[in-house]
Protein chains: 2
Amino acid sequence: MEELNYKEYLNKYGMKSTKQRNLLLNILKNIKIPHTAEQIYLKARKSDALVNLSTVYRILEKFTEKKITLRTSFMDEKCVYSLFPTTHQHQLICLRCKKVILIGGCPLKEFEKTVEKQTDFSIVNHRLELYGYCRDCQKIIAAN
Amino acid sequence: MEELNYKEYLNKYGMKSTKQRNLLLNILKNIKIPHTAEQIYLKARKSDALVNLSTVYRILEKFTEKKITLRTSFMDEKCVYSLFPTTHQHQLICLRCKKVILIGGCPLKEFEKTVEKQTDFSIVNHRLELYGYCRDCQKIIAAN
DNA sequence: TTGCAAATGCAAATTATTTGCAATAATATA
DNA sequence: TATATTATTGCAAATAATTTGCATTTGCAA
Ligand SMILES: [Mn+2]
Ligand SMILES: [Mn+2]
Ligand SMILES: [Zn+2]
Ligand SMILES: [Zn+2]
């Protein structure tokens with residue numbers, strides 16, 4: 001964790017720079033996979049700055065509203081948050097260890113056009129996730 | 001609502017035929033879009049047979065386990081249930097009126113193979129939903 | 001520096017879903 | 001058909017994630 005001040009950045013979004021928000025931005029910058037509000041809260045506790053869990057929820061809500069973060073929810077599980085991706089991408093999720101791999105490249109452009117013609121819908125976005133087993137988990141499963 | 005007895009069908013799955021289960025099967029058969037447990041419960045109450053909400057949850061849980069129903073959860077919202085589709089299909093959802101259109105034909109087979117090669121994952125399924133505006137809602141939005 | 005709106009902490013509320021347990025109902029079989 | 005054996009149900013209470021009310025604190029613009 002280096003930089004702990006995102007004042008300009010936050011002000012640009014009309015948000016005050018608080019130690020809690022700076023801290024969360026820093027945490028979000030350093031995580032490689034999406035985290036739940038509670039996971040982020042637990043990381044925050046480890047730092048010297050204290051944050052309350054409701055504050056974490058409130059901050060993530062505001063960040064999501066401003067598209068600073070992306071809020072995702074898998075099948076049944078809790079919502080997870082990550083910095084909003086700069087490019088359009090999709091996720092490949094391991095059903096056993098929950099590892100997430102981001103995949104660039106979207107296979108849906110043509111399909112969307114076809115569907116638009118067939119249905120008269122105007123499609124504005126989509127959600128695509130692939131589920132499977134990562135190499136490690138494939139081995140573990142095979143060994144049982 | 002015609003037939004109210006699915007005894008053979010339920011027994012085949014190792015489940016007893018109860019008036020609650022028969023009723024739910026009938027409701028599920030007649031709905032055109034996925035419903036929440038509570039929506040199904042409310043429809044059930046309208047019939048003469050009484051059902052408890054926890055029972056509805058328990059029945060839907062068991063149905064889902066047996067793949068009689070499909071349990072889906074959109075972004076933040078509650079889980080919804082529908083009869084398990086006989087063919088692989090995806091949903092096109094209107095962001096304004098929440099209408100759901102089912103679309104047959106999956107554009108992902110080739111893409112999955114490519115991703116498997118790139119990532120060493122073994123892909124077992126995927127989730128694809130398209131979001132947009134239905135024709136009616138497009139008009140309404142344009143008129144504002 | 002001060003004033004005020006925005007942000008926070010804390011506890012309590014909400015909401016969807018699940019669970020324990022005693023009562024009831026469905027099936028198998030005597 | 002009567003009975004025994006389980007599975008299923010109803011009801012109330014528990015859980016778990018998220019949200020909210022309110023008093024206090026903080027950031028920042030004037
Ligand atoms: Mn895409
Ligand atoms: Mn598909
Ligand atoms: Zn894995
Ligand atoms: Zn619509």
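A, B, ... follow the sequence lines: proteins, then strands. Residue 1 opens every chain. Only a predicted model underlies this, so the values are computations on that prediction, with no experimental measurement involved. The analysis underlying the following values was restricted to heavy atoms, covering all of them including side chains, and did not include hydrogens, waters or symmetry mates.
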Atom CE of A/Met15 and atom P of D/dC28 are separated, to the nearest Å, by 12 Å
Item to check | Same apolar cluster: A/Tyr131 and A/Ile141, side chain cutoff 4.5 Å | outcome: yes
Between the NZ atom in A/Lys29 and the OG atom in A/Ser82, the distance rounded to the nearest 0.5 Å is 15.0 Å
B/Lys62 has its side chain closest, among C/dC10, D/dT8, C/dT27, to D/dT8
Item checked: Under 3.5 Å side-chain donor-acceptor pair for A/Asn11 and A/Ser17 -> no
A/Gln39 atom CD is separated from D/dT18 atom P, nearest whole Å, by 11 Å
From CD of A/Glu8 across to C1' of D/dA29 the rounded distance in Å is 17 Å
Under 3.5 Å, N/O pairs linking protein and nucleotides 24-26 of chain D:
none

Rounded to whole Å, the CG-C1' distance (A/Leu53 to D/dA16) equals 12 Å
Practice prompt. Compare side-chain N and O positions of A/Tyr57 against OP1 and OP2 of D/dT18 and report whether any pair is under 4.0 Å apart.
Written response: yes
From CD of B/Glu61 across to C1' of C/dA16 the rounded distance in Å is 14 Å
Taking 4.0 Å as the cut-off, does a side-chain nitrogen or oxygen of A/Arg58 come that near to OP1 or OP2 on D/dT19? no
Between B/Ser17 and C/dA26, is there a side-chain N or O to OP1/OP2 distance below 4.0 Å?
no
Atom CG of B/Leu25 and atom P of D/dT8 are separated, to the nearest Å, by 13 Å
Give every donor-acceptor pair under 3.5 Å between a side-chain atom in residues 49-56 of chain A and any protein atom, sequence neighbours left out.
unit_1  : atom_1 : unit_2  : atom_2 : d
A/Asn52 : OD1    : A/Ser54 : N      : 2.8
A/Asn52 : OD1    : A/Ser54 : OG     : 2.8

When rounded to whole Å, the OH to P distance for the pair A/Tyr13 and C/dA6 reads 19 Å
Taking Watson-Crick and G-U wobble contacts under 3.5 angstrom, with | marking pairs to another strand and [ ] crossing pairs, the secondary structure of DNA chain D is written ||||||||||||||||||||||||||||||
ring-ring contact (aromatic ring centres under 6.0 Å, His included) pairs touching residues 79-103 of chain A, sequence neighbours excluded, are A/His88-A/His90, A/His88-A/His126, A/His90-A/His126
Contacts satisfying ring-ring contact (aromatic ring centres under 6.0 Å, His included) that involve residues 12-47 of chain A (not counting sequence neighbours) are A/Tyr9-A/Tyr13
Per atom distances to the A/Ser54 side chain, the nearest of D/dT9, C/dC10, C/dA7 is C/dC10
Rounding to 0.5 Å, atoms CG (B/Leu28) and CD1 (B/Ile68) come to a distance of 9.5 Å
Listing, residues 57-65 of chain A side-chain donor-acceptor contacts under 3.5 Å, not counting sequence neighbours, or none:
unit_1  : atom_1 : unit_2  : atom_2 : d
A/Thr64 : OG1    : A/Leu60 : O      : 2.7
A/Thr64 : OG1    : A/Thr69 : OG1    : 3.0

Original post:
Given D/dC11, is OP1 or OP2 found less than 4.0 Å from the side-chain N or O atoms of B/Asn52?
Top reply: yes
| Would you find a donor on one side and an acceptor on the other, under 3.5 Å apart, between the side chain of B/Gln138 and the backbone of A/Asp120? | yes
- Message: Just N and O in the side chain of A/Gln20: are any of them under 4.0 Å from OP1 or OP2 of C/dG9?
- Response: yes
Atom CG of A/Asn11 and atom C1' of C/dA6 are separated, to the nearest Å, by 12 Å
message: Regarding A/Tyr6 and A/Glu8, do their side chains bring together a donor and an acceptor under 3.5 Å, going by distance alone?
response: no
